[in-house]
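Predicted, not measured: the structure shown is a model, and the values here were computed from it. Reminder, nothing fancy here: chain letters follow the sequence lines and each chain counts from 1.
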Amino acid sequence: MSTRRSALLWATSIAVYAFLYIPLAVVVLYSFNDSRLNAEWVGFTLDWYRTLFHDEEMLQAGANSLMIAFVASAVSTLLGTMAGIAMHRFKLRVLPVLVVTPVAMPEILLGVSLLIFFVQVLNLTLGLFSVLIAHITFCVGFVAIVVRARLAGMDESIFEAARDLGATPWQTFRLVTFPLILPGVIAGALMAFTLSIDDFVITFFTAGVGVHTLPLQIYSMIKIAVTPEVNAVSTLLMTLTLGLIILASRLAPDALRSES
Amino acid sequence: MALLEIRNVVRRFGDFTAVDGVSLEVASGEFFTLLGPSGCGKTTLLRMIAGFDDPDQGDLLLDGKSLRDIPPEQRPIHTVFQSYALFPHLSVVENVAFPLRMAKVAPAEIQRRVQEALASVHLSEKQRHLPHELSGGQKQRVALARGLVNRPRLLLLDEPLGALDAKLREEMQVELINLQKNVGITFVFVTHSQAEALALSHRIAVMNQGKVEQLDEPSRLYGFPRNRFVADFIGKINMLAATVVASGSDHLELDVAGVGRVLGPPQPAMPVGTRGQFAVRPEQVRIGAGSVDSAGPLSNRVKGRILDFLYVGDVTTYLVELENGTRLEALLPNSAPGRAKFFETGDPVELAWSAEVGVFLDA
């Protein structure tokens, strides 16, 4: 009975995971396919990666994406950490709502409203800068959630003990609070980086003309045809994202578990 | 001059008055205890002494100087928290060294004093361990060493033994007394356990609903509670409705419901006709089959029947019902081994106590 049930459970699990991962596996597999078409397996090649690294537009888009991801994750980590600490310390109901709303809001809505805000309110020329601001906006909430989750599990009297034993508020932060939330801060930074580098919708609305990030570049390429070069760049992006997520979950397993 | 002086301190949280006009003084070198049920304001008072909270009215003075506007890190007062509050990312040695580092003590001196502090709490092993690798008792010792290492003027202890099991708690009580004696630092100890308070303290302030009900030495508190709350909170006590019949300089004469005339220790300030309660401890009440015989005179005697008994090993408590239905407890030590009780339920007995024990409470 129990073996039959566990067999059924195994079969279901395998089916679900196959459904999720086979398309990704196919993308990866065909990036090594020696054919222009994603139709049948011809033979192994690294040509598409070679093409990729000679594609000026693609390289420019990649550089943009990396720059935006680095700056956006750095800035949003700083702001998100402060927001996470504030959400933990001041029990204001409105604060978490304000910080987390961009996380929960449909991306399309955020994209459109940012577009309107940038163009009509700020009179800003769309470009890398507006994309950067937009990415920071939605990343802050994620970092704040992870940092707060990290703080929530801690004994409040630890911070009082530091003050009690002679530490100033700044020393308390530097010697006690920060080391304790550091795994959460790093996990938050990695999440922000991941979210920024593969964001499409919000970037699409806030990038304007002429500025491309990797996801935008891929999109414009597949409008013509899905060449294995797209597979190659997708594979690289996937590897980077996966690596960062694994790193983040290693550093703050509790943070990711409780808030996902 | 008192080391710590608390002057008419009031602290309110919304409509709730947590500390309601407390004034007391703690002398240098004293083991002082704030005792009371949860919500009595003792922890709020402790937090104000430490500097985590400010009084709405009144003042706190250390060495005659007001603590107002002095942040916790600048007060020469350290706290041992109920949860120990050890820094989870620092080793035992680093935890104990923390207050010395903050005080910018030289590294060599830090090392020497950390070792000294750890030795004083009998924890010289496990120095490189992190807090989560320690047992409850070991964490307790680290917290104590950390609180004492920089020799504060005052060490506050917030129910530090609450999380330990009974046997370990007794061991730590003895160690705390010795430690306080050896280091000579003034302790202000907060607890809800009357047994702990009586065992450890030089003086105890019994708190209830934000006020100090009585401040006294343990034996005075136990022997002469000032009101019903203190009598009830500290140990077990029999309470009987009573009226003052005569108030002399050698005895207080009472009319006690169900007993009749009772002689007690003099309370000259108590006017004749005052109604209240006569309180007497179970261990002060002698019990005997038929009649109690004794060497000294026992002025107060009353007949009753055994209703129930509770055997706890060293002593047995007998619940006796008097003729009018009033119930009294009497305690008998079990010095003869192997016998759980000397009387059976329903046995007629006599209760007796001397005129030197008991207290009349009008509040």
Side-chain angles (χ1 to χ4, degrees), chain A residues 77 81 84-86 88-94 143 146-190 247-258, chain B residues 43 46-53 70-91 94-105 110 114 117 130-132 139 142-160 163:
Chain A
T77 299
T81 302
I85 293 171
H88 177 74
R89 187 163 304 163
F90 308 107
K91 308 290 178 198
L92 285 170
R93 283 282 166 80
V94 66
V143 179
V146 179
V147 170
R148 186 176 68 157
R150 179 90 194 154
L151 277 168
M154 274 177 212
D155 176 10
E156 221 29 55
S157 53
I158 289 170
F159 310 113
E160 288 187 342
R163 294 289 303 276
D164 186 73
L165 296 166
T168 61
W170 172 244
Q171 284 174 316
T172 301
F173 178 77
R174 194 165 55 84
L175 299 171
V176 180
T177 315
F178 189 69
L180 289 177
I181 61 170
L182 187 59
V185 172
I186 295 173
L190 294 175
L247 203 58
S249 65
R250 280 281 171 82
L251 287 168
D254 47 331
L256 291 179
R257 209 178 296 136
S258 60
Chain B
T43 299
L46 196 79
R47 291 179 61 80
M48 289 191 282
I49 301 172
F52 301 128
D53 203 355
I70 297 179
E73 66 267 24
Q74 285 171 25
R75 300 185 183 195
I77 298 171
H78 290 175
T79 307
V80 176
F81 290 82
Q82 187 170 14
S83 61
Y84 314 131
L86 300 180
F87 305 125
H89 59 305
L90 300 181
S91 70
E94 289 167 324
N95 260 284
V96 179
F98 190 87
L100 299 173
R101 276 176 64 201
M102 293 304 104
K104 300 203 164 48
V105 174
I110 289 182
V114 166
L130 289 172
H132 72 87
K139 284 183 196 167
V142 178
L144 272 171
R146 191 179 66 172
L148 288 168
V149 72
N150 200 23
R151 308 199 60 85
R153 299 282 289 140
L154 200 60
L155 186 71
L156 309 177
L157 301 105
D158 185 9
E159 308 237 5

Is any side-chain heavy atom of [Y] closer than 4.5 Å to one of [X]?
{"X": "A:Glu156", "Y": "B:Ser83", "answer": "no"}
{"X": "B:Asp158", "Y": "B:Val80", "answer": "no"}
{"X": "B:His78", "Y": "B:Val149", "answer": "no"}
{"X": "B:Tyr84", "Y": "B:Arg146", "answer": "no"}
{"X": "B:Phe87", "Y": "A:Leu165", "answer": "yes"}
{"X": "B:Leu144", "Y": "B:Leu157", "answer": "yes"}

**Study point:** Side-chain donor-acceptor pair present, A:Ser157, A:Glu160, cut-off under 3.5 Å
**Key:** no
Point to revise | A:Arg174: partners by side-chain contact (heavy atoms from CB on, under 4.5 Å), with sequence neighbours left out | key: A:Trp170, A:Gln171
Exercise for review: Flag the one option from B:Pro88, B:Gly51, B:Pro71, B:Ala50 with the top tally of heavy-atom pairs under 4.5 Å to chain A.
Suggested key: B:Pro88
Point to revise | Heavy-atom contacts under 4.5 Å, residues 95-103 of chain B to chain A | key: B:Phe98, B:Pro99, B:Arg101, B:Met102
Exercise for review: Check whether A:Leu180 gets within reach of chain B through its side chain, its backbone, both or neither, counting any heavy atom under 4.5 Å.
Suggested key: side chain
Exercise for review: Can you tell which part of A:Asp164 gets under 4.5 Å to a heavy atom of chain B, answering side chain, backbone, both or neither?
Suggested key: both
Point to revise | chain A contact via B:Leu90 - side chain, backbone, both or neither, heavy atoms under 4.5 Å | key: neither
